[in-house]
Amino acid sequence: MFSNEYGPLLLGLIFLLLLLLGALIRIWQPWMRVGKREDSLQTDAESDDSAPEEPQMLDGPKLTVIVYAENGEEDIERCVEMLEAQDYSNKEIVVVCRATAESRELISGRLSGHENVYVTFIPPGTHNLSERKLAITLGLKAATGDIVLTTAVNVRPASDHWLSAMAAPFSDPAIEIVTGYSHMDFSELRGPGRWYRQFDSVMTAGLWIGSALAGNPYRGDGFNLAFRRSTFFEHKGYARNMFLHYGDDDLFVNEIARADNSAMVMDQAAIVTTEWGPMANRVWTLRKSRYNFTSRWLPQGPFIRASLLSWCNWLLILCAVAMCLIGFPDWAFIAYAAQVWLIAELFQILYYRRLAARLQAVRLWWAVPLFLLIHPVLNFIFRLSHRSLRKMNYTWQR
């Protein structure tokens, strides 16, 4: 088998293939943490009849839910009714609305019959401020709860246990911030790129969630984020990133969260879905652009890990092709190279499917290897095409 002059080179390629396979297993660890099944966190619909009922935190610390909303009194009232139906009874709801003067009376009137609901409005002349940061800050000023959870009017929780699950970690006095997961309604995405958009969302979310589960939180989700009210004011709120329109979730979490004062809740009952309707594709693009921009202020380790995953996949396929070309017509080498490559791809497909199922996205098969290869290329093109819009992330540009 090794009698030809390329024998040492072929052996080296075999070793490199095995080394890359091991590297892929190591690099995938953050995503693997998220993909682990947690049967103890099943919802009532998934649990068997013999399982104990999920506890309801009726007497926990007072929770203030701050809801950021825009015009649309029917949507606001629907969101308030959904929050009132949550099993966490010790709560209040603060709705901060960006509305026209004509809509204010309608919104206030529709919410007047709801108890423990307070509504306020963003004042005019806020074009050069972050409206979301201003809304949350106003909500915190009005809040009376020890714990605050930020969300938006277009969320749909998976369960009535959402608030209970998010508030549970605060039973530990050391916990100051709790990060949850939200995802857009992927069924609203349209066009041939909808599968890739889901893939990109899963890989991005899986990376920061996996790091948080490992005790290295660096990013959060403003649609499902809870923290102590006192912690917000002790850290002077958004003072460090007030010059940006965004960062109320990822930069805020990165500044405050540590392994000993934070928790990540991946209970399936605590996952929320955001609904955008026909705007889904545009919203996906805007959110990706914003996160790409704010990532420069975040730890670079997770992003390097994601880059290494891409490089390893490219090197794996290049080494397999080189081995086939050099070893030809020795079919033993070709078969060996194909086997190692197939094992690596099958490993990645299976773990991606587990991750996608955990994050409630489409589970892919043959598209996973292709998407892993083109992911860094498309990310580079995306950054280039949106480079001219970066200045719009600064508050002084509006």
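Positions are given from 1 along the sequence. Scope of the values below: all heavy atoms of this structure, side chains included, with no hydrogens, waters or symmetry mates.
Of all non-hydrogen atoms in Pro61 and Asp146, the two that sit nearest each other are CB-OD2, 4.4 Å. Tyr218 and Asn254 make their closest contact through O-CB, 3.4 Å (heavy atoms, listed as atom of the first residue, atom of the second, distance). Minimum interatomic distance between Ile122 and Ala135 (heavy atoms only, all atoms of both residues): CD1-CB, 4.0 Å.
Taking 4.5 Å as the limit, every side-chain heavy atom of Arg156 sits out of range of all side-chain heavy atoms of Met82. Inter-residue side-chain proximity for Trp31 and Arg354 is flagged as unmet; no heavy-atom pair is nearer than 4.5 Å. Residues Asp249 and Phe223 fail the side-chain proximity criterion, which asks for heavy atoms closer than 4.5 Å. Annotation: side chain of Gln268 is in contact with side chain of Arg358 (closest heavy-atom distance under 4.5 Å).
Checked against salt bridge (charged side-chain N to carboxylate O under 4.0 Å, His left out), Asp172 has no partners two or more places apart in sequence or in another chain. Here Arg78 pairs with Asp75 under the salt bridge (charged side-chain N to carboxylate O under 4.0 Å, His left out) rule; sequence neighbours left out. Checked against side-chain contact (heavy atoms from CB on, under 4.5 Å), Leu373 has the following partners two or more places apart in sequence or in another chain: Asn313, Trp314, Ile317. Residues meeting the side-chain contact (heavy atoms from CB on, under 4.5 Å) test with Pro217, sequence neighbours left out: Ala212, Ala257, Ser262. Legend: residues meeting side-chain contact (heavy atoms from CB on, under 4.5 Å) with Arg363, ordered by chain and number and at least two apart, are Arg353, Ala356, Ala357. For the side-chain contact (heavy atoms from CB on, under 4.5 Å) test, residues two or more places apart in sequence or in another chain that qualify with Ile381 are Val377, Leu378.
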Between Ile136 and Val96, is a side-chain contact (heavy atoms from CB on, under 4.5 Å) present by the stated rule, with each step listed?
CA-CA 8 Å; Ile136 294 172; Val96 187; over 6 Å; no

Mind running side-chain contact (heavy atoms from CB on, under 4.5 Å) on Thr204 and Arg219 for me, showing each step along the way?
CA-CA 11 Å; Thr204 300; Arg219 174 172 273 180; 3.9 Å; yes

Take Leu83 and Val117 through the test side-chain contact (heavy atoms from CB on, under 4.5 Å) and record every step on the way to the result.
CA-CA 10 Å; Leu83 291 171; Val117 176; over 6 Å; no

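Asn224 and Trp162 share a side-chain donor-acceptor pair at under 3.5 Å. In this structure, a donor-acceptor pair under 3.5 Å is present between the side chains of Trp28 and Gln348. Checked by atom type, the side-chain pair His235/Glu255 shows no donor-acceptor distance below 3.5 Å.
If you run side chain to side chain contact (heavy atoms under 4.5 Å, CB included) between Val148 and each of Leu140, Val65, Leu63, Thr231, only Leu140 comes through. Of the listed residues (Trp284, Phe186, Tyr352), just one forms a ring pair (Phe, Tyr, Trp, His ring centres under 6.0 Å) with Phe199, and that residue is Tyr352.
Glu92 places a side-chain N or O within donor-acceptor distance of the main-chain N or O of Thr144, the cut-off being under 3.5 Å.
For Arg26, the CZ atom sits in a loose shell: 12 or fewer heavy atoms of surrounding residues, nucleotides or ligands are nearer than 6.0 Å.
For the pair Arg287 and Tyr291, the cation-pi criterion (under 6.0 Å, within 45° of the ring axis) is not fulfilled.
Val155 and Leu286 fall into different hydrophobic clusters, where Ile, Leu, Val, Met, Phe, Trp and Tyr side chains are chained together by heavy-atom contacts under 4.5 Å. Ile349 is connected to Ile25 through a chain of hydrophobic side-chain contacts under 4.5 Å among Ile, Leu, Val, Met, Phe, Trp and Tyr, so both are in one cluster. One hydrophobic cluster, built from ILVMFWY side chains closer than 4.5 Å, holds both Trp365 and Leu24.
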